[in-house]
Amino acid sequence: MYRPPLKEVRFALHALAGDERLSGLAAFPDYSADFADEVLEQAARFAEQVLAPINALGDRSGASLEAGGVVMPAAFKDAYRQFVDAGWTRLGGPVEHGGLGAPLALCSAVEEFWGSANLAFKLCPLLTRGAIDAIQRCGSPEQRQRYLPRMVSGEWTGTMNLTEPQAGSDLGAIRTRAVRDGEAYRIFGQKIFITYGDHDLTSNIVHLVLARIEGAPPGTHGVSMFIVPKMRLDPDGALGQRNDVLCVSLDHQLGIRASPTCVLNYGDEGGATGYLVGEPNRGLEYMFVMMNAARLAVGLEGYSLAERAYQQALEWARQRVQGRVAGWPFSADGKPATIVEHADVKRMLLTIKAYTDAARAIALYGALQLDLAAHAQRPAERDAARARGELLIPIIKGWSTERGLLSPSLGIQIHGGMGFIEETGAAQYLRDARITTIYEGTTGIQAADLLGRKLGRDGGATMFGLLDDVRGELESLGPTDADARRSCQAAVAAVDTLRRTTTALLALAARGAQFALAVSEPYLELCGVVFGAWAMAKSHVLAVREFAADPAFYGGKRQLARFYIAQVLPTAAALAAIVDGAGAARVVAAASAVL
Ligand SMILES: Cc1cc2nc3c(=O)[nH]c(=O)nc-3n(C[C@H](O)[C@H](O)[C@H](O)COP(=O)(O)OP(=O)(O)OC[C@H]3O[C@@H](n4cnc5c(N)ncnc54)[C@H](O)[C@@H]3O)c2cc1C
């Protein structure tokens with residue numbers, strides 16, 4: 001049973017991320033906390049009643065490849081129809097093509113519910129949104145008119161075709177060819193790992209394909225982007241002939257089994273018709289434009305699964321009777337206890353919840369920055385928000401998904417042996433979570449992006465600016481409660497540690513990129529832990545202030561913040577030591593002797 005954590009999400013969106021900044025923007029004339037709450041309530045109902053009940057079924061039956069293409073479980077077809085009818089595909093879509101134009105921060109809050117309820121289902125609208133963004137930003141007016149209304153309405157879905165057998169993290173190695181053919185191109189090649197690359201949920205699929213135009217320069221500067229519809233369109237926009245793109249194989253995967261991951265062959269019958277998006281050789285640049293939103297969306301998946309794992313583990317822990325609450329010296333006296341009464345089980349449950357709360361707060365704050373980057377009034381405000389959002393994206397993607405992996409593992413541990421048995425249902429969350437640290441760039445690639453692109457491009461100025469603001473906010477919160485004051489002081493000290501470590505990392509990079517890259521992942525972890533402490537300390541102060549309004553909820557927030565500061569934040573010192581100390585040199589030296 002999944003219960004969407006409405007109160008938690010509202011608190012993160014309104015009190016921690018500060019979504020009131022959206023209300024004043026011309027792009028969101030109707031935005032208010034009440035409006036957002038109404039949307040969240042409806043989404044929560046849909047997630048709980050329609051998507052969650054078919055999650056285990058999707059895991060068991062998966063999609064299948066048959067003669068006519070990929071066939072989805074019937075329950076998924078029904079759920080997709082309801083998703084479309086309820087208008088959920090339109091929520092963040094461009095208004096001029098039938099969308100509702102809701103801010104990314106609100107869409108992200110809603111997406112948590114989809115991800116917790118049914119990650120395999122959620123990937124279909126997620127990929128479609130990425131394709132919509134790309135066509136909207138980089139396509140011609142005619143392409144927008146032709147494809148977007150039917151993608152925004154959910155009548156068609158979209159995919160992202162980047163990966164090839166020899167081109168995974170390194171997209172400069174792409175070999176798929178594009179040969180000019182009048183106004184269009186003929187596309188030849190093979191793409192692997194394409195999420196929802198084929199299915200029978202809709203009558204058409206709009207593939208966005210990265211390929212190399214004949215004669216293009218090698219490497220990343222010779223890659224272009226193409227629209228390749230599964231069904232060609234007649235001049236009037238009606239569905240025409242089948243295009244020359246075929247799903248030749250469906251992957252058997254560890255998790256998200258109802259999400260069809262396809263091998264797609266292009267051009268086996270003379271060439272798939274494709275249409276160039278934007279200018280030649282700028283395909284990767286266009287992909288990177290959307291990469292932020294896509295990586296944010298995967299970051300949300302991390303804590304979505306942590307939330308789901310937490311709910312299931314808590315329910316189990318409240319029912320399972322085992323042992324007695326220990327006294328000192330240990331004795332076998334006392335009443336039989338449910339396992340939730342054991343201190344170590346409490347610790348595990350609190351750990352998952354603390355990770356979830358912290359990751360949610362950072363992600364929604366990051367999403368808000370991307371909204372401000374697109375829509376803030378003054379150009380300087382937009383630029384600053386863009387730089388800050390882009391800095392946070394690899395941290396959100398990397399830290400949240402790594403927590404999303406640890407959390408279902410703890411969830412299984414709480415179940416004991418029954419967690420290892422598939423029928424219990426706890427194992428699916430761990431299997432589903434396993435992909436989130438890999439696709440849209442592995443954690444190693446996020447760490448390299450954080451170091452090389454985000455710190456490297458301005459010498460750390462955006463990071464230092466953010467740390468100044470975080471420190472300033474923590475100092476200005478003015479907690480009246482001694483405990484909350486201690487949380488703020490601990491978070492401020494951690495911010496100072498991150499500042500020192502950032503300076504040290506940049507100095508290390510100047511000595512040699514390999515040194516800095518050897519500790520870039522612990523650095524990313526450190527950023528997550530410290531920004532998480534910011535959110536938790538702020539949450540602590542607000543919870544003290546609002547306590548009387550809802551003692552159960554805010555009492556929980558206070559205690560969870562104390563737990564985070566006591567049990568999660570201390571890892572920051574160890575991570576900083578790895579980055580600051582001889583860790584990097586040891587990796588480089590040991591690797592040459594051992595590997
Ligand atoms: C279920 C699933 C769905 C997917 N969906 C899509 C999709 O819809 N569209 C699409 O185009 N792709 C998709 N992918 C592909 C996915 O994005 C890639 O698998 C991912 O980017 C990693 O590439 P790779 O598998 O080739 O691993 P590799 O690039 O071979 O990486 C292997 C290891 O080497 C490390 N590594 C590689 N290069 C570096 C480097 N420069 N620095 C440090 N470490 C490095 C990586 O971190 C990783 O640990 C999907 C994959 C899966 C499994």
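Counting begins at 1 with the first residue of the sequence. The model shown is predicted, which means the values in this text are computed figures rather than measured ones. We count ligands from 1, going down the list as the structure has it; atoms in each ligand are counted the same way.
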(request) Please lay out, stage by stage, how Tyr185 and Tyr275 fare under the test ring pair (Phe, Tyr, Trp, His ring centres under 6.0 Å). (result) CA-CA 6 Å; Tyr185 287 81; Tyr275 306 96; 9.1 Å; no
(request) Enumerate the atoms of ligand 1 whose separation from the nearest heavy atom of Met160 is less than 4.0 angstrom. (result) 7 (C), 8 (O), 9 (N), 10 (C), 11 (O)
(message) Tell me whether the NZ or CZ atom of Arg453 lies within the 45° cone about the ring axis of Phe288 and under 6.0 Å from its centre.
(response) yes
(request) Name all residues meeting the salt bridge (charged side-chain N to carboxylate O under 4.0 Å, His left out) criterion together with Glu285; count only those two or more places apart in sequence or in a different chain, and write none if there are none. (result) Arg282
(message) Tell me which one of Arg212, Glu164, Gln190 satisfies side-chain hydrogen bond (donor to acceptor under 3.5 Å, both in side chains) with Thr176.
(response) Glu164
(message) Quick check for you: to the nearest 0.5 Å, what is the distance between Ile393 atom CD1 and Arg388 atom CZ?
(response) 13.5 Å
(message) Quick test: of every protein heavy atom, which one is nearest to atom 42 (N) of ligand 1, and how far off is it to 0.1 Å?
(response) Ile445 CD1, 4.1 Å
(message) Just to confirm my output: which protein heavy-atom neighbour is closest to atom 26 (O) of ligand 1, and how far is it?
(response) Gly168 CA, 3.1 Å
(request) Answer with side chain, backbone, both or neither: which part of Thr442 has a heavy atom less than 4.0 angstrom from an atom of ligand 1? (result) side chain
(request) Take Ser64 and Glu66 through the test side chain to side chain donor-acceptor pair (under 3.5 Å) and record every step on the way to the result. (result) CA-CA 6 Å; Ser64 57; Glu66 308 203 347; 3.2 Å; yes
(request) State whether any protein heavy atom lies less than 4.0 Å from atom 35 (C) of ligand 1. (result) no
(request) Have a look at Phe121 and tell me which of Tyr196, Trp114, Phe83 forms a ring-ring contact (aromatic ring centres under 6.0 Å, His included) with it. (result) Phe83
(message) Closer than 4.0 Å to some heavy atom of Thr195 - which atoms of ligand 1 meet that?
(response) 3 (C), 4 (C), 5 (N), 6 (C), 7 (C), 8 (O)
(message) So for ligand 1, is Thr163 a polar contact partner (N or O within less than 3.5 Å, distance only)?
(response) yes
(message) side chain to side chain donor-acceptor pair (under 3.5 Å), that's the test. Do Tyr439 and Glu301 meet it? Break it down for me.
(response) CA-CA 11 Å; Tyr439 59 17; Glu301 293 172 8; 2.7 Å; yes
(request) Could you tell me whether atom 30 (O) of ligand 1 has at least one protein heavy atom nearer than 4.0 Å? (result) no
(message) I'd like to know whether ligand 1 has Glu440 as a neighbour, heavy-atom separation below 4.0 Å.
(response) yes
(request) Select one of side chain, backbone, both or neither to describe which atoms of Thr261 lie under 4.0 Å from any atom of ligand 1, heavy atoms only. (result) side chain
(request) Using a 4.0 Å heavy-atom cut-off, say whether Leu162 meets ligand 1 through its side chain, its backbone, both or neither. (result) both
(request) Using the side chain to side chain donor-acceptor pair (under 3.5 Å) rule, take Gln253 and Thr261 through it: C-alpha gap first, then chi angles, then the decisive distance, then the call. (result) CA-CA 8 Å; Gln253 45 201 37; Thr261 309; 2.7 Å; yes
(message) I need the nearest protein heavy-atom contact for atom 20 (C) of ligand 1: residue, atom name and distance, please.
(response) Ile438 O, 3.8 Å
(message) For atom 52 (C) of ligand 1, what is the closest protein heavy atom, and at what distance to 0.1 Å?
(response) Ile435 CD1, 3.5 Å
(request) Please write down residue, atom name and distance for the protein heavy atom closest to atom 22 (C) of ligand 1. (result) Ser169 OG, 4.0 Å
(message) Return the closest protein heavy atom for atom 4 (C) of ligand 1 as residue, atom name and distance.
(response) Phe193 O, 3.1 Å
(message) Measuring from atom OG of Ser409 to atom CG of Leu430, what distance do you get when rounded to the nearest 0.5 angstrom?
(response) 5.5 Å
(message) Under 4.0 Å and counting heavy atoms only, is there anything from the protein next to atom 46 (C) of ligand 1?
(response) yes
